[in-house]
Amino acid sequence: MHNHASRRRAQKLFISAASLSLLTACAQGLDYDLRGLSGTGFSTTQAAVQATAPRPQPDNRGVISYPNYQVAVADRGDTIQTMATRLGLDAPTLARFNGIEETAQLRQGEVIALPTRVAEPSPATGAAQTGPIVPGSVDIGALAGDAINRSENASGEDVRVAALPPSAPAANAPSGEEPVRHKVVRGETAYTISRLYDVPVKSLAEWNGLGSDFAIREGQYLLIPVAQRAAPAQPSENVPKPGVGSPTPTPPSAAQPLPESSPAPEASAPPPPPVDVGERSASSDNARMLFPVTGSIIREYSKGRNDGINIKSDSGSPVKAADDGTVAAITKSADGVPIIVIRHEPELLTVYANVADVTVEKGTRVKRGQGIASLRDGNDAYVHFEVRKGFESVDPMPYLR
């Protein structure tokens with residue numbers, strides 16, 4: 001009887017301790033990984049949470065401007081109608097573009113995508129700096145998505161404008177990374193989108209002004225938070241210069257004779273030369289597409305790292321359309337280097353980046369093998385070529401063989 005009572009008291013103490021631990025975890029953020037309970041002190045909690053940068057501040061109109069699109073941040077009491085009036089836009093078009101009713105009440109801080117560009121932020125609009133937030137390069141995925149998803153108004157005119165980033169950022173232009181813009185489709189939630197892009201759902205809500213329930217709607221555009229980039233570590237003033245510091249110990253060979261020299265190891269085999277695509281591009285009549293240039297592949301496709309292939313050739317070589325299609329977009333990188341997107345089917349596009357002397361215009365019908373640009377000079381004489389199905393890049397090689 002005494003042992004039974006002792007066991008019951010021990011169970012109560014264990015349950016109380018466990019409850020206290022759980023309450024503490026709730027206050028500090030519960031580690032769902034639970035490996036911290038093993039006693040090893042190892043936890044993946046911090047590694048699993050990706051820090052994100054704060055959303056840029058809008059100007060007095062609520063506008064945040066990027067090279068490829070603009071968004072507006074709703075103020076307290078805003079509706080689509082009041083926001084459209086403030087920005088000089090058509091309210092029905094703005095509502096339709098964002099999948100929302102024209103009279104819907106907007107939350108303070110809610111982000112609304114703009115179907116056409118308005119005047120760039122400037123000191124006159126309450127912005128600290130002038131012009132769009134210029135990233136290091138154009139998001140080709142977003143560009144390809146815009147080429148697919150352009151909307152048309154009642155007159156059939158394109159209501160979206162392909163923005164061309166400045167050839168060189170102005171001295172007072174703000175800089176930063178352009179976030180991916182995700183259009184919500186049926187069945188998606190804030191949680192599934194946060195997992196898709198590996199960002200905290202709380203950051204997704206803060207960037208887009210979502211409510212406490214994280215509710216989103218079909219057709220809504222969401223900005224995907226940009227990862228926080230750590231500042232480069234500064235060298236300490238106390239770090240000694242190379243060659244200065246503790247004295248070098250005397251090597252054993254100074255007191256003892258060196259062992260007999262062994263034969264030098266054979267040199268490792270040199271890396272294989274770049275794949276020469278010249279012969280294949282000349283004999284690929286049955287392939288789905290043609291190589292855009294005749295040359296050597298200097299960088300292969302790698303999903304998420306290089307979304308296409310880089311083909312090097314002689315400076316000034318013609319860059320050709322891989323197949324029949326329509327020029328869907330022509331834009332430039334932040335360095336002023338042209339990028340061409342050609343639509344071949346509703347969901348199939350090819351992208352030609354790092355080119356010069358563009359000879360086609362947006363809307364031009366092109367034939368398979370038709371020249372559309374040329375290669376740049378010197379070490380930049382290569383084309384970055386992508387094949388995209390919708391928003392996703394795919395390996396171009398199966399189309400070229």
Side-chain angles (χ1 to χ4, degrees), residues 52-135 139 142-143 145-146 149-153 157-166 173-184 190 193 203-211 214-226:
T52 57
R55 187 184 68 191
Q57 291 298 316
D59 64 12
N60 284 354
R61 303 166 301 169
V63 174
I64 303 174
S65 183
Y66 289 102
N68 290 302
Y69 60 83
Q70 290 177 308
V71 297
V73 181
D75 202 352
R76 185 184 299 275
D78 256 339
T79 64
I80 288 291
Q81 180 65 61
T82 61
M83 182 175 286
T85 301
R86 183 166 68 247
L87 300 177
L89 297 173
D90 178 62
T93 300
L94 184 62
R96 186 168 57 251
F97 189 70
N98 287 271
I100 192 172
E101 294 294 330
E102 184 179 342
T103 57
Q105 189 77 26
L106 302 177
R107 292 180 301 274
Q108 184 175 13
E110 184 173 352
V111 169
I112 297 297
L114 304 187
T116 57
R117 293 190 81 83
V118 297
E120 304 293 344
S122 69
T125 64
Q129 294 173 302
T130 301
I133 299 172
V134 180
D139 183 349
L143 179 66
D146 285 347
N149 288 324
R150 271 189 292 272
S151 301
E152 293 186 351
N153 59 17
E157 296 177 352
D158 191 354
V159 300
R160 298 186 66 179
V161 177
L164 297 183
S175 61
E177 186 173 346
E178 180 174 286
V180 172
R181 191 173 60 166
H182 179 92
K183 187 174 184 179
V184 178
I193 295 172
S203 296
L204 186 69
E206 291 172 349
W207 269 66
N208 295 280
L210 303 183
F214 298 156
I216 57 178
R217 63 182 178 275
E218 183 180 0
Q220 180 178 2
Y221 282 96
L222 296 177
L223 298 181
I224 304 303
V226 174

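None of the values given here were measured: they were computed from a predicted structure.
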Next on the checklist: Quick check on E101: does its CD atom have over 12 non-hydrogen neighbours (other residues, nucleotides or ligands) under 6.0 Å away?
Outcome noted: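 Atom CD in E101 is not packed in, count stays at 12 or less.
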If you define the side chain from C-beta out and look only at heavy atoms, does anything of [X] sit under 4.5 Å from [Y]?
X: E206; Y: P225; answer: no
X: Q70; Y: T116; answer: no
X: D75; Y: M83; answer: no
X: W207; Y: P54; answer: no
X: D59; Y: I64; answer: no
X: R96; Y: P115; answer: no
X: Q81; Y: T85; answer: yes
X: R55; Y: V73; answer: yes

Of all the heavy-atom pairs spanning [X] and [Y], show the shortest one and how long it is.
X: A119; Y: R61; value: O-NH2, 2.9 Å
X: R107; Y: A74; value: O-CB, 3.5 Å
X: Y66; Y: P179; value: CZ-CD, 3.3 Å
X: L87; Y: A72; value: CD1-CB, 3.8 Å
X: A84; Y: A91; value: CB-CA, 3.7 Å

Item to check | side-chain contact (heavy atoms from CB on, under 4.5 Å) evaluation trace for Q220 with I100 | outcome: CA-CA 8 Å; Q220 180 178 2; I100 192 172; over 6 Å; no
Rounded to the nearest 0.5 Å, what separates atom [atom1] in [X] from atom [atom2] in [Y]?
X: I112; Y: L106; atom1: CD1; atom2: CG; result: 5.0 Å
X: R117; Y: L89; atom1: CZ; atom2: CG; result: 12.0 Å
X: L222; Y: N208; atom1: CG; atom2: CG; result: 4.5 Å

Item to check | CA sep, side-chain torsions, deciding dist, call: I193, H182, side-chain contact (heavy atoms from CB on, under 4.5 Å) | outcome: CA-CA 9 Å; I193 295 172; H182 179 92; 3.7 Å; yes
Checklist entry - Does the side-chain contact (heavy atoms from CB on, under 4.5 Å) test come out yes or no for T103 and I80, once each step is laid out? => result CA-CA 6 Å; T103 57; I80 288 291; over 6 Å; no
Next on the checklist: Checking E110 against R217 for the salt bridge (Lys or Arg N to Asp or Glu O under 4.0 Å) test, could you report, in this order, the C-alpha distance in whole Å, the side-chain angles of both residues, the deciding distance, and whether it holds?
Outcome noted: CA-CA 13 Å; E110 184 173 352; R217 63 182 178 275; 3.2 Å; yes
Next on the checklist: Using the rule given for side-chain contact (heavy atoms from CB on, under 4.5 Å), can you reason through V226 versus T52, listing the C-alpha separation, both sets of side-chain angles and the distance that settles it, and then say yes or no?
Outcome noted: CA-CA 6 Å; V226 174; T52 57; over 6 Å; no
Item to check | Short side-chain donor-acceptor distance under 3.5 Å, E178 and N68 | outcome: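 N68 vs E178: donor-acceptor pair found between side chains.
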Item to check | Sub-6.0 Å ring centroid separation between Y69 and Y221 | outcome: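 Centroid distance Y69-Y221: not below 6.0 Å, so no.
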